[in-house]
Protein chains: 4
Amino acid sequence: MIKAAVLGATGYAGIELVRLLSSHPEVSLEILGSHSFCGQNISDVYRNFRHILDLECTEVDMDAVAKCDVAFTALPHGASKEVIPGLCERGVKVIDLSGDFRYDDPEVYKKWYGAEHSAPELLKKSVYGLCELHRDKIKNASLIGNPGCYTTCSILGAAPLMKSGLGSTSNIIVDAKSGVTGAGRGLGLPYHFCECTENSKAYKVATHRHTSEIEQELSKLAGEELMISFTPHLIPQKRGILATIYINLNKPCTTQELAELYADFYKDEFFVRVLAAGELPETKHVAGSNFVDIGVVADERLQRAVVVSALDNIVKGAAGQAVQNMNLMFGLPEGTGLTFPGFYL
Amino acid sequence: MIKAAVLGATGYAGIELVRLLSSHPEVSLEILGSHSFCGQNISDVYRNFRHILDLECTEVDMDAVAKCDVAFTALPHGASKEVIPGLCERGVKVIDLSGDFRYDDPEVYKKWYGAEHSAPELLKKSVYGLCELHRDKIKNASLIGNPGCYTTCSILGAAPLMKSGLGSTSNIIVDAKSGVTGAGRGLGLPYHFCECTENSKAYKVATHRHTSEIEQELSKLAGEELMISFTPHLIPQKRGILATIYINLNKPCTTQELAELYADFYKDEFFVRVLAAGELPETKHVAGSNFVDIGVVADERLQRAVVVSALDNIVKGAAGQAVQNMNLMFGLPEGTGLTFPGFYL
Amino acid sequence: MIKAAVLGATGYAGIELVRLLSSHPEVSLEILGSHSFCGQNISDVYRNFRHILDLECTEVDMDAVAKCDVAFTALPHGASKEVIPGLCERGVKVIDLSGDFRYDDPEVYKKWYGAEHSAPELLKKSVYGLCELHRDKIKNASLIGNPGCYTTCSILGAAPLMKSGLGSTSNIIVDAKSGVTGAGRGLGLPYHFCECTENSKAYKVATHRHTSEIEQELSKLAGEELMISFTPHLIPQKRGILATIYINLNKPCTTQELAELYADFYKDEFFVRVLAAGELPETKHVAGSNFVDIGVVADERLQRAVVVSALDNIVKGAAGQAVQNMNLMFGLPEGTGLTFPGFYL
Amino acid sequence: MIKAAVLGATGYAGIELVRLLSSHPEVSLEILGSHSFCGQNISDVYRNFRHILDLECTEVDMDAVAKCDVAFTALPHGASKEVIPGLCERGVKVIDLSGDFRYDDPEVYKKWYGAEHSAPELLKKSVYGLCELHRDKIKNASLIGNPGCYTTCSILGAAPLMKSGLGSTSNIIVDAKSGVTGAGRGLGLPYHFCECTENSKAYKVATHRHTSEIEQELSKLAGEELMISFTPHLIPQKRGILATIYINLNKPCTTQELAELYADFYKDEFFVRVLAAGELPETKHVAGSNFVDIGVVADERLQRAVVVSALDNIVKGAAGQAVQNMNLMFGLPEGTGLTFPGFYL
């Protein structure tokens with residue numbers, strides 16, 4: 001059994017990790033770190049775990065975590081950098097859900113996060129944990145920068161067009177809509193039920209940090225530096241990201257041809273479901289699952305592809321992908337503990 | 001492996017059965033009966049099943065179903081009576097989710113359903129599938145009347161007070177609130193999103209059929225015939241029933257004493273979680289799980305207990321309980337395939 | 001024009017007052033008091049008011065408020081007692097939305113609020129502002145204790161049975177469901193969108209303060225001291241209270257007879273809409289309006305009435321009723337500025 | 001008083017017209033046409049109108065409608081063309097909410113609606129009822145093609161950039177999110193509460209008819225033929241459209257400069273609220289009102305504007321705009337009956 005610690009276990013990404021790991025056949029959950037709920041049983045903080053998981057939340061104790069095989073860090077931005085270097089030194093594999101270890105270049109980090117990276121040496125060794133694109137590196141990694149939720153949805157949606165060269169690298173637009181779990185469990189007026197239900201809005205237009213992750217990965221796929229417009233939106237649902245991606249085509253193309261390109265690109269990927277021409281994804285089809293659904297339409301009038309991709313932001317966009325990374329790192333079948341359907345209802 | 005058929009697989013109770021059975025380690029799903037979606041793959045009707053379950057929906061073929069070990073019938077009221085007798089004759093164990101086989105007395109059925117029971121002989125052999133109360137009979141049954149969703153929540157909430165004699169049998173009030181999946185997938189103006197969201201209402205006041213099921217079971221527990229007020233409400237959420245139950249107490253009692261009575265009554269029940277004095281259940285704690293959460297308060301001013309119970313209407317209130325019944329009937333550990341936490345989010 | 005101040009203008013009851021008063025043909029909004037948003041324009045705090053209302057939020061300045069004809073106090077519990085006596089002395093009519101001036105007896109206040117009343121002399125002069133029951137007193141009042149949201153819904157629902165003597169004063173149960181605006185705009189984990197949507201729960205079982213208001217008013221109607229069970233619930237919608245009220249009948253009675261009793265009792269009331277036998281209220285029918293809808297069913301098996309009443313908690317349950325009170329106090333037609341339909345959608 | 005008929009009064013656009021007109025100081029509602037609810041009182045179909053409006057729904061009687069001054073036609077596509085020519089002949093002013101009279105060129109209609117226009121002569125005389133752009137023509141029109149809901153939001157959002165020449169006419173993307181009232185009151189599985197809540201999706205990608213309206217109007221503003229990508233999405237709320245519009249800029253530009261351009265363009269428009277640099281619209285700020293809120297951001301990295309516009313699809317996107325058109329046609333102040341804030345909550 002893989003001994004696992006979840007640090008930041010009582011946030012939304014953290015608790016979803018707990019949910020997935022508590023059912024994972026090869027994992028033993030050893031440590032649930034939580035500053036806010038330190039001393040409380042996890043099943044008192046999230047009562048859905050009563051009769052299922054009986055484990056106390058603790059402050060992070062490095063010696064205890066060091067006895068684990070893997071630590072998932074779902075800590076507030078900044079907090080992860082205090083514990084991760086120590087864990088790495090002591091041989092614990094780390095899957096970090098913050099933005100700290102997602103970059104190839106510390107300059108990009110600095111530009112978008114507004115601060116020098118605190119562990120540039122470690123950053124060099126870390127691997128970007130988008131399993132479908134970096135599987136081989138992940139298998140040998142000891143530190144994973146687990147991708148952002150918007151990011152996974154956007155990159156997987158655009159990858160076939162970038163990699164194939166069929167998509168233009170100019171004028172790429174990613175218009176993404178996210179459920180409210182994406183904003184976390186912290187309190188704030190915009191997340192009060194009465195302010196949030198029956199409401200939609202865009203936010204951080206032209207400035208959201210995930211832009212840089214998407215650009216980094218799509219640039220590598222395209223083989224050239226590219227920039228994108230990325231606009232996040234908050235919509236009144238709990239789970240789910242829907243990304244609508246606009247990419248000009250370098251030559252005329254039909255919807256059927258695009259669908260075939262996508263199906264071929266992802267033909268060996270269990271967690272990416274390419275829809276048939278004429279089908280479009282919906283967030284309810286992926287909610288609660290580790291799947292990404294992708295549909296594509298060619299707008300022949302404009303020689304432009306419109307790609308729509310959907311995933312559950314706290315599963316494939318966070319906790320599920322983290323488990324998928326763990327499976328790869330520990331030599332397990334990639335889907336172990338993740339091959340359930342979403343709940344639809 | 002238990003070979004299973006789900007008849008009526010594309011309704012909301014049916015598809016939740018499919019979801020649970022597709023992950024059940026001892027079950028092989030053989031047949032998905034669906035009149036409306038006959039000929040379509042289940043993963044086209046409910047796309048969350050893509051890459052998970054690849055099975056075509058069929059019209060009911062009795063010869064094919066007869067090769068199964070168990071059939072779950074989640075058919076529209078009336079349709080089940082046409083197939084169940086034939087299946088029973090051919091030795092298939094049947095777990096029926098309709099109201100047809102939930103009664104001890106065909107006269108009660110007639111009174112609340114407005115028609116003679118079509119198979120009174122079979123009704124005699126059937127067992128009311130509320131596992132926590134009728135476990136021993138269920139183990140030997142070949143036909144189960146799987147309880148209604150409101151019913152399970154109400155009966156389990158009131159049972160300790162009825163069985164102990166502490167609760168009065170007069171003036172019992174059950175005020176129940178249900179999510180919209182309880183109304184099924186059929187179209188109707190009251191279930192249109194715009195008519196349903198941001199709206200609450202009571203319906204079928206004093207006339208809902210589940211009243212009779214609750215009265216039947218509570219009367220047996222109390223050892224005398226009793227009648228209750230039962231008021232169902234529709235509230236704007238998908239999953240969940242919350243029942244608030246008012247029972248006068250035959251002697252003064254504190255909340256702590258009531259909590260102990262309940263904890264003792266359910267001490268061996270995995271799927272019933274009795275909350276500590278001061279705690280109250282919420283539907284998000286049980287959504288997606290087979291648990292029933294029960295909290296109890298003594299209103300000492302009025303010498304009255306207020307019991308609040310919560311469950312997921314399509315899991316413990318339908319599909320989950322059906323699987324629990326199957327486990328009992330086939331000698332499996334009762335929780336097989338059901339020991340997951342709810343999703344909370 | 002009536003010069004009006006709203007103190008506590010940026011809470012949910014306060015801003016609904018602002019919305020109603022800004023369209024009221026006989027009112028000039030002079031002062032918007034807000035501690036939290038002091039110095040900001042109301043149309044920056046609630047942007048729906050842009051191009052409609054251009055007024056700065058201020059700290060409470062007693063001299064300025066004293067120049068108004070009426071002050072609506074929608075302040076946090078406790079804060080109102082610091083300003084109301086001063087305003088009353090200076091001749092400003094006060095309509096207080098807190099619980100402070102709703103009681104005939106300071107002992108009742110003390111029992112439910114856990115503190116001595118700070119202005120018992122003023123309490124004696126105040127009038128309970130449930131317009132349909134105390135219209136004549138309100139007309140001459142200078143200080144109104146505006147009823148609580150649950151309270152209005154419950155009292156108006158039970159009044160005809162209490163006043164007529166047809167309803168028993170024992171075993172009265174009020175099971176009430178409220179939208180989340182009832183909890184106000186303050187932050188708290190239970191009101192985070194992700195904790196609140198798709199969730200229902202009971203709270204403050206047997207201890208909610210509104211119980212005492214309902215008991216006070218129903219006792220007066222019945223002509224004897226009575227006690228009730230009152231259970232508040234939080235359901236996932238913004239606006240609306242639905243109260244389901246169970247009252248034993250002192251003699252057999254049909255639904256039709258009850259409907260006639262209610263129709264007769266409220267025959268002169270514009271804002272109370274008694275439904276025909278067979279109809280039941282829904283919160284969407286009253287949302288955004290000052291109406292209370294009431295439906296009634298006789299459960300002849302049990303000789304019990306089930307009354308269902310619905311209103312919008314921040315209109316008839318708070319701001320709308322406050323305006324109705326103001327209209328009465330200033331000799332305006334009672335419905336002035338309030339005779340719009342709800343929005344339904 | 002203007003005598004008005006609403007034909008198709010019981011659909012969602014129709015009933016919102018009824019709501020607005022019933023409070024309009026210069027209008028007398030004479031006729032509510034409804035095929036589905038013929039013979040029923042409107043206050044039985046929409047109970048929020050009880051005590052407010054007492055009028056029976058009728059089948060369309062041309063002689064009766066001909067006595068009115070204005071007819072609003074909110075009929076199913078195709079039905080309007082049977083009644084509108086007759087009404088025009090008889091001198092009734094018509095404001096049509098269907099797509100039939102929104103086009104300058106019958107060929108465009110044919111291309112997007114798949115059929116020859118049935119009244120091309122009438123089409124020539126009709127005026128596109130986007131008040132902010134065609135005010136003068138509307139004043140003298142007798143037949144208005146009232147704009148689509150997506151259309152108003154998109155055109156007003158892009159107009160300043162098109163008219164000024166600052167925006168490029170290539171690579172315009174409109175990504176629009178709509179509440180479910182936009183789909184109307186008709187039943188359909190996608191609009192079932194349980195299928196719709198907690199779900200988002202794109203639909204009719206590259207083929208939605210409103211594309212052609214937007215192209216027609218933006219082309220006129222830009223002075224050249226242009227084409228756009230338009231993607232509609234369904235999100236889980238009742239009211240509201242949020243359009244995110246991407247337009248490349250013909251020269252470098254700051255957010256502040258764009259905000260000034262917009263503020264200047266709309267400086268005389270009451271119903272268009274241009275937000276300050278740094279502010280972005282939210283649908284709750286416009287819900288229930290006739291306002292359009294527009295925020296704009298310059299993405300200087302990409303020399304691209306991101307415009308976000310929000311309106312209530314059944315008010316400014318349908319019924320409110322129709323009333324605004326009526327006010328213009330009858331020489332009333334443009335905002336008569338429309339100068340209320342939205343409800344926010």
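Naming convention: chains lettered A, B, ... in sequence-line order (proteins, then strands); numbering from 1 in each chain.
- Contacts between C:R239 and chain D at a heavy-atom distance below 4.5 Å involve the side chain alone, from C-beta outward.
- Contact of the C:R47 side chain with the D:E279 side chain is registered, since non-hydrogen atoms from C-beta on lie closer than 4.5 Å.
- The candidate with the highest count of non-hydrogen atom pairs below 4.5 Å against chain C, out of D:R273, D:E282, D:R19, D:E16, is D:R273.
- Only the side chain of C:F291 comes within contact range of chain D, with heavy atoms under 4.5 Å apart.
- C:Y344 approaches D:R185 most closely through the heavy-atom pair OH-NH2, 3.2 Å.
- Proximity to chain D is limited to the side chain of C:I314, based on heavy atoms less than 4.5 angstrom apart.
- The side-chain contact (heavy atoms from CB on, under 4.5 Å) with C:P341 is formed by just one residue from the set D:I52, D:I15, D:L53; it is D:I52.
- In terms of heavy atoms, D:V272 sits closest to C:H51 at O-CE1, 3.5 Å.
- Only the backbone of C:E269 comes within contact range of chain D, judged by heavy atoms closer than 4.5 Å.
- Note on C:L280, C:V286, C:T197: by heavy-atom pairs under 4.5 Å with chain D, the leading option is C:L280.
- Between C:L275 and D:R50, the shortest heavy-atom distance links the atoms CD2-NH1, 3.4 Å.
- Under the 4.5 Å side-chain criterion, counting only non-hydrogen atoms from C-beta, D:N48 is not in contact with C:F340.
- Only the side chain of C:T181 comes within contact range of chain D, with at least one heavy atom under 4.5 Å from a heavy atom of that chain.
- Heavy atoms closer than 4.5 Å to chain D are found nowhere in C:V18, neither backbone nor side chain.
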